[in-house]
Every structure is written in C-alpha cells, then in structure tokens.
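Notes follow once the structure below has been shown.
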2 protein chains.
Amino acid sequence: MPDSSFREIRDLALFSQMADENFSALMRGAYVQNFPAQIELITEGDPSDFLHVVLSGSVDLFSAWNGRETSLATVRPISTFILAATIKDAPYLMSARTLEKSRIALIPSQDVRAVFDIDGNFARAIVTELAQCYRSVIKAQKELKLRTSLERLANYLLRQQRRASGAASFDLDFEKRRLASVLGMTAENLSRAFKGLQPYGLEVDGTRITITNQAEFERFAKPNPLIDDGST
Amino acid sequence: MPDSSFREIRDLALFSQMADENFSALMRGAYVQNFPAQIELITEGDPSDFLHVVLSGSVDLFSAWNGRETSLATVRPISTFILAATIKDAPYLMSARTLEKSRIALIPSQDVRAVFDIDGNFARAIVTELAQCYRSVIKAQKELKLRTSLERLANYLLRQQRRASGAASFDLDFEKRRLASVLGMTAENLSRAFKGLQPYGLEVDGTRITITNQAEFERFAKPNPLIDDGST
DNA sequence: TTGTTGGCTTGACAATTATCAATCGTGGGA
DNA sequence: TCCCACGATTGATAATTGTCAAGCCAACAA
C-alpha cells in the first residue's frame, strides 16, 4: 500500500488514536484497489471479509428484496463502511457498488477484530463511530416514518444546501434516480415533488437547485436538528 | 439499589465482562425506580443524563415531528436503551414512555462515559451492543423501504410466531394501535391488512393469531434472514 | 344491571404514491 | 453530422395508504 493512502487512513478518527504497532498490523494485511464505476463491491448476505475504506470516488449502499431495490446510503471519502458487520463477524446487510471510479482500501475483518480485542483506544474509536452510524440511521428512520415524500425532498435540499456552504443556489450531488431511491420514492414521483415544491420557493434547472424564498421554503420543510443535523 | 437488581444488571452482556471495581463505580451513582404505565421517561432533544436499564415491564421508544408521532421500538427486560446518546453525550433522538408498570435502573451517563474510558472490556461490550443495535435499525429501514404494509405485517407475524415457540396459534404482545405505529401504518389500515392476509392462511380473533396455512403464508411473506432474523 | 369508556373495525372518500407508456433532451460514439 | 442510449419528465391510470365519521364490542365502574 502506498504511503499516502496509509497516511489518509491513519488520519481517520477511527484509526488515529490506536497504537502504532497495531495500526501497522492492520495495514500489513490491507491493500488498496482501484475500481471502475458501477462495480458491485460486496453483496448482502456474504460473510464480511473486509472492512472497506473509501479513499476517493463514492460508493452506494443498497439492498434488494423480492425484486425491489433501495439505496440506503452513500459513502464518500474518507470513511469506512460495513464496520458493524466486520465487528460482529456477521453477514453484510447491504450490498455496495461504486458510483464512479473509486479507490478503496480493504482491511481483513479478522485483523480488525484481533486488533479491536487488544487495543482499547481502537475499541473506543469504534464505539464513537458506531454510535454515530446508529444515530444516523435512527434519523433516517424518523424521516421516513414521519415525513411525506415532499417533506423529505424539501429537507434533503436544505441539508444539501448547508453542505454546499449555504448559498441559495447549489447542485445536486448525484443523479435524480438515485436520489429518489434514497428518499424512498420513485423517480417519477421525485420529478413531481420538485414541481410540488415550486410554490414554496424552489427553482430547478436540471441538476441546479435554487431556493428563491428561503423563509417560505423552511416554513414548509420544518427542518429539525433531531432529524436533519448530520453531526450530533 | 437492591442486590437483586444489581445482579440482574451485572449479568447483562454489556456489564458482565468489566472489572468489579468499575462496575461498583457505575452502581454507586445508579438507582432503581418504579414507574406506573404511560409515564414519559425521557423526551427527545433532552440531554442524555442517564443510561436506562429496563428490569421489568416494557418501554416504548417513539418520536414526534410536526404533529405526527411514530413508535420506533419496544424495549423489554432485561436490556438498556439510549446507549448511543449516552456515549456520544448527545441529545436523545427518541422519547421513551412506559407501556405498563415498569422497574427501571438509571445509571448516570457521565459515569458510563468515565468507565468506558478506562475499562477496555466495557468498551468492547459496548461495541458489540451498538453493532447489534445498528444492524437492527438497518433491518427496520430495509423492511420499511422494501415492503408494503401487508408484507410488513405478514413478516412481523412470522417473527412473533417464532418468538412464541413457533406454534400455529399465538398472541400479539401489544395493542394493535401501537403495532400499527411500529409497522408504519395507521390503525385502520392495520385492521384491513389483517383482513387482507386471510386469503393467505391467517385467522385473527382479537389478539389471538392463527396461521392456518404456514406454507402459503410464508410464500406470501417471503421472510428473509437479512431483514427478519433478530440475532445476526 | 346499566352506562361509559376506549380500542377496534368498517365504510366512504381523499390524498399520496406507484406503474406504465410515451416523449423530451442531452451527451457520446459511429 | 447524425443517431443512439439513457436519464428525466409528463400524462393517464391504478394501487396503496390515510382521513374522517360512525358503529361495534368488551371491560369496567357505579
């Protein structure tokens, strides 16, 4: 593994506090690989052989049942995914595929578990990470059960706006078909939802979003930190 | 705190491996309290002052937004809740209320965090617990996004049947109004969903459920371990 | 016993969301 | 340049789910 990747991973909160020798032990069995777009990295139900770290590009976590499919999350650099499966030595609950050309580090799960058992700092960092992940999913669950599709879209746009430094105009960061799946609706409905938000101060031009009436838009969306705040 | 409660808590996987002195430190600040039914124990948004342990009775975790409310989970003895908020020292994402008369142990969150920092075994046990919780929510999320209300009910009944030792007849363990909320539908729709499952081999008499045609019922429900298995 | 309460059910209707088919528009390859 | 592929959009329609109002029924208290 090249030193730069090594460094990037070490700087993650998950790995930054662990002992040098343990980090080295983890990296010994690890390797970095470049994947083209649209490659299925893992399949739900498979045993969790590797902890994955997205170094560049992006990855879609999704799941299928009975012929249907839904996107559950998008992983962007630099962060890990399927940590819980790795720790529990349990099968993946989600599949993963690259959305674009991506560089991914693979760390053998058994090494992660071994180091987890001997390195208290690593164990504590994992706790923080898992608690964060858990709370994110709870928020997603609340959003899905408490909001209509129009409200979910409106609040998603507000979150996206904040990520894009808060300006009235910003771009969607992935294709609408996938956004629809993430928000739990069909692509057709997403199209209509964009239309449905226009009376509340929204303009859409392709992938370009403009919130023309911030106050009115927020009055409709009713964002709530206990659902929409990414950090806490 | 009475010795018996002490013992029950110590036997939880979360606490069983930690050092005696650390467990004692945790218990020093803890106390047990009896609550009547329908008492709101915590409110979402409040700071997480205590880790809660349900010793007897049962607790409903729910959330509200914009006048709507939904049940997210039910906690039964003996287990903890709001562990993630306690660890992260972040506000509760869910409210909690007793469903019946309940005995609950309260452990100051700051003590939990303090011991977490010094006891590696405790930290590791927390990881296991959080990973478990995380995977449970992911499964709930998949169920909600991939299944219709009829399918959710059918699979819920199969899970309930397994919990009740697998016999064809068994009882619902909570009122239908709450079941509806847990499954993400209205009480009226739940009523119709029960009717809608009759052609697939279901009989309902009040709270008494009988699956008259197990094979046909499962053919409809299509249970999947990656959504419906409680353990993994 | 009678009356009341609260949960459950039912029917009629409305809103939301999905499905299907067709069309539009853009960007890349021949 | 033209054509194709693919995602996005639109319209028509159907399925699903929610809302509102009324009625049913069992538990409970007076």
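As a basis for the values below, the full set of heavy atoms in this structure was taken, side chains included, without hydrogen atoms, waters or symmetry mates. Residue numbers begin at 1 in each chain, while the letters A, B, ... track the order of the sequences.
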Starting from [atom2] on [N], measure out to [atom1] on [X] and report it in whole angstrom.
| X | N | atom1 | atom2 | value |
| --- | --- | --- | --- | --- |
| B:Gln198 | C:dT9 | CD | C1' | 12 Å |
| A:Lys145 | D:dT17 | NZ | P | 14 Å |
| A:Phe194 | D:dG7 | CZ | P | 17 Å |
| A:Ile209 | D:dA8 | CD1 | P | 12 Å |
| B:Leu172 | C:dC8 | CG | C1' | 13 Å |
| A:Lys195 | D:dT9 | NZ | P | 8 Å |
| A:Met185 | D:dA15 | CE | P | 23 Å |
| B:Arg208 | D:dA26 | CZ | C1' | 18 Å |

**Request:** May I ask you to say what A:Glu188 touches in the nucleic acid, namely base, sugar-phosphate or nothing, with a heavy-atom cut-off under 4.0 Å?
**Result:**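 Since a base atom lies under 4.0 Å of A:Glu188, the category is base.
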**Request:** Would you please confirm or rule out a distance under 4.0 Å between OP1 or OP2 of D:dT17 and any side-chain N or O of B:Ser149?
**Result:**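 Looking at the OP1 and OP2 atoms of D:dT17, one of them is under 4.0 Å from a side-chain N or O of B:Ser149.
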**Message:** Please determine whether a side-chain nitrogen or oxygen atom of B:Thr186 lies at a distance below 4.0 Å from atom OP1 or OP2 of D:dT17.
**Reply:** no
**Message:** Please report the interatomic distance OG(B:Ser71) to NZ(A:Lys145), rounded to the nearest 0.5 Å.
**Reply:** 6.5 Å
**Prompt:** When rounded to the nearest 0.5 angstrom, what distance separates CD in B:Gln214 from CG in B:Leu158?
**Reply:**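 Interatomic distance, B:Gln214 CD to B:Leu158 CG, rounded to 0.5 Å: 6.0 Å.
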**Request:** Please test B:Asp173 against B:Arg76 for salt bridge (charged side-chain N to carboxylate O under 4.0 Å, His left out), starting from the C-alpha separation and ending with a verdict.
**Result:** CA-CA 11 Å; B:Asp173 62 348; B:Arg76 299 178 182 287; 3.0 Å; yes
Among the nucleotides [options], which one has an atom lying closest to any side-chain atom of [X]?
| X | options | answer |
| --- | --- | --- |
| B:Asn189 | D:dT17, D:dT9, C:dT9 | D:dT17 |
| A:Arg192 | C:dC8, C:dT19, D:dT9 | C:dT19 |
| B:Lys176 | C:dT9, D:dT9, C:dT10 | C:dT9 |

Will you find, in the side chains of [X] and [Y], an N or O donor that is under 3.5 Å from an N or O acceptor?
| X | Y | value |
| --- | --- | --- |
| A:Glu100 | A:Gln38 | no |
| B:Thr212 | B:Glu203 | no |
| B:Ser149 | B:Arg192 | no |

Are there any protein N/O atoms within less than 3.5 Å of an N/O atom in nucleotides 4-6 of chain D, and if so, which ones and at what distance?
none

**Request:** Answer whether the closest heavy-atom distance between the side chains of B:Phe50 and B:Ile42 falls below 4.5 Å.
**Result:** no
